Amino acid sequence: MYFKQKKSLNKFKNYSQGSLLERLRLMYPQFSDIKMAFPSYEEQEKIANLLTFVDNKIELIEKKYQTYLGFQEVFDATDFHK
């Protein structure tokens, strides 16, 4: 996502070479000179832990939903609701 942001694209364009906008090339030596800000390792760990927590919650909800669908199928197959 970072590379697709307008700010990043403009920065890449400024470091690129070429005679036409459609033919711009960003070579590795110039790319390696670009300074980019990333969260600290600790912040990345916090983000990863949060995403793992959310992912686990989604998985739990999905399992509960599948169990519900199983009960619904059994209920629909019986005469209890008629």
Side-chain angles (χ1 to χ4, degrees):
M1 290 304 276
Y2 176 81
F3 291 129
K4 291 185 177 184
Q5 294 176 356
K6 188 172 185 167
K7 183 178 175 182
S8 298
L9 293 173
N10 284 336
K11 187 179 281 192
F12 296 149
K13 189 168 75 172
N14 291 337
Y15 278 84
S16 296
Q17 300 171 351
S19 57
L20 299 172
L21 186 60
E22 297 83 23
R23 305 285 246 144
L24 289 177
R25 301 289 183 260
L26 180 58
M27 303 300 179
Y28 179 77
Q30 289 76 27
F31 179 77
S32 66
D33 287 340
I34 298 174
K35 305 293 184 223
M36 293 184 243
F38 292 101
S40 67
Y41 181 76
E42 292 78 19
E43 189 70 19
Q44 290 180 45
E45 280 187 323
K46 289 178 184 178
I47 293 167
N49 289 337
L50 174 64
L51 293 175
T52 299
F53 175 79
V54 171
D55 191 47
N56 290 339
K57 289 292 184 184
I58 292 170
E59 191 174 310
L60 180 62
I61 292 168
E62 178 65 26
K63 286 178 182 179
K64 287 181 179 180
Y65 180 68
Q66 292 302 322
T67 301
Y68 163 78
L69 290 179
F71 285 131
Q72 184 69 37
E73 191 176 303
V74 170
F75 183 73
D76 288 345
T78 64
D79 291 329
F80 292 132
H81 63 287
K82 293 181 182 177

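The structure displayed is predicted, hence computed values, not measured ones.
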Practice prompt. To the nearest 0.5 Å, tell me how far R25 CZ sits from F31 CZ.
Written response: 15.5 Å
Practice prompt. Find the distance between CG (L26) and NZ (K13) and round it off to the nearest 0.5 Å.
Written response: 13.0 Å
Worksheet item: salt bridge (Lys or Arg N to Asp or Glu O under 4.0 Å): which pairs involve residues 42-59, sequence neighbours left out?
Response: E59-K63
Response to the item:
Under a side-chain separation threshold of 4.5 Å, the hydrophobic residues clustered together with L51 are I47
Practice prompt. Go through the structure and list residues passing side-chain hydrogen bond (donor to acceptor under 3.5 Å, both in side chains) with Y28, not counting sequence neighbours.
Written response: none
Worksheet item: How long is the span from the CZ atom in F71 to the CD atom in Q66, to the nearest 0.5 Å?
Response: 12.5 Å
Practice prompt. Using a cut-off of 6.0 Å, state whether more than 12 heavy atoms not belonging to E73 lie near its atom CD.
Written response: no
Discussion item. Once rounded to the nearest 0.5 Å, what's the spacing between atom CG of N56 and atom CD1 of I61?
Written reply: 11.0 Å
Item to complete: Return the set of residues passing side-chain hydrogen bond (donor to acceptor under 3.5 Å, both in side chains) with Y65 (not counting sequence neighbours), or none when no residue passes.
Response: none
Discussion item. Can you tell me how far apart CD1 (I34) and CG (N14) are? Round to the nearest 0.5 Å.
Written reply: 9.0 Å
Worksheet, complete the sentence: salt bridge (charged side-chain N to carboxylate O under 4.0 Å, His left out) filter on E62, not counting sequence neighbours, yields none
Discussion item. Checking one residue: L60. Which other hydrophobic residues are in its cluster under the side-chain 4.5 Å linking rule?
Written reply: none
Item to complete: Can you see which heavy atom on Q30 is nearest to which on Q17, and at what distance?
Response: NE2-NE2, 3.3 Å
Worksheet item: Within the side chain of Q44, is there an N or O that forms a donor-acceptor pair under 3.5 Å with the backbone of P39?
Response: yes
